[in-house]
Number of protein chains: 2
Amino acid sequence: MEGIVTSLDSSPQAVQGAENAQGTSRGHGPQPVHATEAAKQIPPAAVARLTIYLRALNTLLSDGVERVSSESLAEASGVSSSTLRKDLSYVGSYGTRGVGYEVQYLSRHISAALGLTHDWKVAIVGAGNLGKALARYGGFESRGFDVVAIFDADQMVVGNEVGWLRVSDAADMEAVLQRTGANMVVLALPATVAQAVCDRVVAAGVHSILSFAPVMLQVPAGVNLRKVDMATELQILAYHAQRAQTPDQTA
Amino acid sequence: MEGIVTSLDSSPQAVQGAENAQGTSRGHGPQPVHATEAAKQIPPAAVARLTIYLRALNTLLSDGVERVSSESLAEASGVSSSTLRKDLSYVGSYGTRGVGYEVQYLSRHISAALGLTHDWKVAIVGAGNLGKALARYGGFESRGFDVVAIFDADQMVVGNEVGWLRVSDAADMEAVLQRTGANMVVLALPATVAQAVCDRVVAAGVHSILSFAPVMLQVPAGVNLRKVDMATELQILAYHAQRAQTPDQTA
DNA sequence: CGATGTGAAAGAATTCACAGCG
DNA sequence: CGCTGTGAATTCTTTCACATCG
């Protein structure tokens with residue numbers, strides 16, 4: 001019998017910032033440790049989980065819980081307590097030995113480490129069902145993401161209200177991105193046009209893109225692209241299900 | 001020279017091995033159940049990528065391409081050719097040395113390895129924007145996933161048409177799941193009700209669940225749960241963006 | 001030849017186990 | 001004491017390099 005099979009995505013490939021060739025050869029001296037908050041590099045897998053801890057902490061916070069142990073936060077997040085403590089160690093030492101973590105304090109520090117101290121402005125490209133769903137998704141604002149625009153190329157859709165926004169014409173994308181100061185874009189459009197739109201978005205200066213289009217997009221160095229694909233997720237489930245259903249090949 | 005920064009999911013957290021059901025780790029007799037050691041278990045990271053190769057192969061197929069090398073398939077999939085060949089080696093040896101792979105032949109074998117030889121019946125719970133978007137998403141049918149039902153608890157929504165389906169009353173979920181033979185469920189509903197609905201789905205005998213709800217769901221051993229979270233993805237992007245914006249404070 | 005398939009090496013991520021401190 | 005924080009051990013992934021075979 002299988003055990004719990006919760007799997008969450010994460011990010012395999014690291015982001016190689018524009019020219020972030022740090023690490024290796026350093027002329028002299030160690031890392032430029034900044035006085036305030038050291039900016040170490042957090043392993044990708046840990047970054048993915050930190051967002052989960054953050055959500056769990058915020059839930060605790062709204063429940064009025066003030067302190068939490070690594071053990072119970074780990075359980076609430078679906079990871080082992082050793083993984084949790086290791087992950088937190090990348091952020092800093094914000095716990096009290098023998099006691100645990102102060103919820104709000106830890107939450108604040110994780111947020112800071114993830115760069116969530118200021119709001120990010122998100123534009124959604126594609127006002128189909130998915131784009132609309134995303135635009136109305138309440139989970140964004142509460143987490144520091146501000147949806148500032150939504151685009152579509154279909155003139156029948158341009159001008160429609162979606163949430164408290166109005167659909168902009170994709171033809172004006174560059175101008176609107178500029179005007180609204182969007183620094184993240186979510187692609188919620190068909191595979192066929194995804195690459196072309198992606199190229200325009202990149203040319204417009206956006207460096208962070210989340211794509212829901214079921215294609216492999218090519219982006220230049222320095223651009224951070226993540227991908228979510230429903231079909232892929234179902235296929236992975238299918239693999240595990242099939243495996244479970246074949247309990248005994250009884251050769 | 002690729003500076004491509006694509007990141008794709010993967011699956012970090014793997015299947016909690018055998019019975020290590022999380023929970024308060026109150027270990028009571030470990031069950032050394034490794035019976036049914038399936039000879040060929042594919043590493044999680046490889047499974048995730050195989051779905052990508054599959055998509056790339058199908059694209060090639062519809063373009064009329066008949067053969068492909070590991071090099072070019074790898075490029076189309078955004079991975080290194082050595083990773084691709086290693087991944088394929090978990091599935092079997094279906095290439096021809098000195099030549100490459102026959103597209104259709106390889107596609108078929110990967111499909112088989114992933115358990116996509118028969119159609120899976122998917123029920124969607126939640127007919128809000130996201131649920132509707134998923135129900136109409138064309139990418140499912142073409143990949144062997146059949147959406148057989150969509151539920152909602154809101155009586156205003158029950159009975160509405162979504163694609164070629166009609167929204168069923170969530171109150172009848174168990175009966176409809178049974179009747180339609182659904183063996184996978186997608187949760188597209190608010191965090192507040194996700195756990196309760198998840199429990200019902202599990203009780204109804206579904207072992208494969210894909211959740212879009214922004215909460216950590218608890219499921220019993222033997223149930224396969226995957227999670228997709230938009231906010232998490234954006235937060236990960238934020239982390240990288242913030243890091244890129246602070247290239248080197250050495251000043 | 002030329003590209004696959006695969007041991008072996010290198011590199012990450014996770015788990016262990018315990019030192020250290022409140 | 002109890003729980004955090006962390007080096008060390010373990011396990012999983014990716015990359016390398018080349019034997020292998022069409």
Side-chain angles (χ1 to χ4, degrees), chain A residues 3 6-15 23-24 38 40-50 52-53 67-75 77-103 105-106 109, chain B residues 2 6-18 20 22 24-25 27 30 34 40-50 52-53 67-75 77-103 105-106 109-110:
Chain A
T6 18
S7 346
L8 213 206
D9 67 297
S10 92
S11 44
Q13 260 154 270
V15 176
T24 47
K40 303 145 233 157
Q41 130 124 18
I42 304 174
V47 172
R49 286 188 301 259
L50 283 168
I52 299 173
Y53 308 152
R67 272 188 319 216
V68 68
S69 66
S70 65
E71 194 69 48
S72 59
L73 181 55
E75 182 176 352
S77 306
V79 302
S80 69
S81 66
S82 56
T83 293
L84 180 130
R85 291 201 304 275
K86 178 67 82 180
D87 289 346
L88 294 184
S89 79
Y90 297 120
V91 174
S93 298
Y94 300 115
T96 307
R97 291 171 196 237
V99 178
Y101 304 90
E102 217 194 305
V103 175
Y105 185 67
L106 182 58
H109 279 287
Chain B
E2 285 324 282
T6 21
S7 335
L8 213 208
D9 70 296
S10 87
S11 26
Q13 227 120 287
V15 182
Q16 290 261 20
N20 183 352
Q22 33 135 258
T24 40
S25 75
H34 19 323
K40 42 192 289 195
Q41 91 141 359
I42 304 175
V47 171
R49 285 187 301 259
L50 283 168
I52 299 172
Y53 307 152
R67 273 187 319 214
V68 69
S69 67
S70 66
E71 195 68 49
S72 60
L73 182 55
E75 182 176 352
S77 306
V79 302
S80 69
S81 66
S82 55
T83 294
L84 180 131
R85 290 201 305 276
K86 179 64 86 180
D87 288 347
L88 293 185
S89 78
Y90 297 122
V91 174
S93 299
Y94 300 116
T96 306
R97 291 175 197 233
V99 179
Y101 304 90
E102 219 196 302
V103 175
Y105 185 67
L106 181 59
H109 278 288
I110 294 177

Find every protein N or O atom lying less than 3.5 Å from an N or O atom of nucleotides 20-22 of chain D, and list the pairs.
{"residue": "D:dT20", "atom": "O2", "partner": "B:Arg97", "partner atom": "NH1", "Å": "2.5"}

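- Following rounding to the nearest Å, A:Leu88 (CG) and C:dT15 (P) show an atom-to-atom distance of 15 Å.
- For the pair B:Gln41 CD and D:dC12 P, the interatomic distance rounds to 8 Å; values are reported in whole Å.
- Every residue two or more places apart in sequence or in another chain that forms a side chain to side chain contact (heavy atoms under 4.5 Å, CB included) with B:Ser69 is listed here: B:Glu71, B:Ser72.
- In this structure, B:Glu102 places its CD atom 16 Å from C1' of C:dA3, rounding to the nearest Å.
- Atom OH of A:Tyr53 is separated from atom CG of A:Leu106 by 10.5 Å, given to the nearest 0.5 angstrom.
- The nearest whole Å value for the distance from the CD atom in A:Glu71 to the P atom in C:dT15 is 13 Å.
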Where do N or O atoms of nucleotides 15-18 of chain D meet protein N or O atoms at under 3.5 Å, pair by pair?
{"residue": "D:dT15", "atom": "OP2", "partner": "B:Ser80", "partner atom": "OG", "Å": "3.1"}
{"residue": "D:dT15", "atom": "OP2", "partner": "B:Thr83", "partner atom": "OG1", "Å": "2.7"}
{"residue": "D:dA17", "atom": "N6", "partner": "B:Arg85", "partner atom": "NH2", "Å": "3.4"}

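- The two residues B:Pro43 and B:Tyr90 make their nearest non-hydrogen contact at CG-CZ, 3.7 Å.
- Contact check, B:Tyr101 against C:dG5: a side-chain N or O comes under 4.0 Å of OP1 or OP2.
- When rounded to the nearest whole Å, the span between NE2 of B:His109 and P of C:dT4 equals 16 Å.
- Heavy atoms only, all atoms of each residue included: B:Val103 and B:Arg67 are closest at CG2-N, 3.8 Å.
- Following rounding to the nearest Å, B:Leu50 (CG) and D:dT14 (P) show an atom-to-atom distance of 11 Å.
- Going from atom CD1 of B:Ile42 over to atom CG of B:Asp87 covers 9.0 Å, rounded to the nearest 0.5 Å.
- Rounded to whole angstrom, the span from the CG atom of B:Leu84 across to the C1' atom of D:dT13 amounts to 15 Å.
- Between B:Tyr90 and D:dC12 there is no side-chain N or O to OP1 or OP2 distance below 4.0 Å.
- Scanning for side chain to side chain donor-acceptor pair (under 3.5 Å) contacts around A:Ser82 gives A:Ser80, with sequence neighbours left out.
- With sequence neighbours left out, the side chain to side chain donor-acceptor pair (under 3.5 Å) criterion links A:Ser89 to no other residue.
- For A:Tyr105, the side chain to side chain contact (heavy atoms under 4.5 Å, CB included) partners two or more places apart in sequence, or in a different chain, are A:Tyr94, A:Glu102, A:His109.
- For the pair A:Glu75 CD and D:dC3 C1', the computed distance is 16 Å after rounding to whole Å.
- Note on B:Arg67: every side-chain N or O is 4.0 Å or more away from OP1 and OP2 of C:dA3.
- Under the side chain to side chain contact (heavy atoms under 4.5 Å, CB included) criterion, B:Ala74 pairs with B:Val79, B:Ser81, B:Leu84, sequence neighbours left out.
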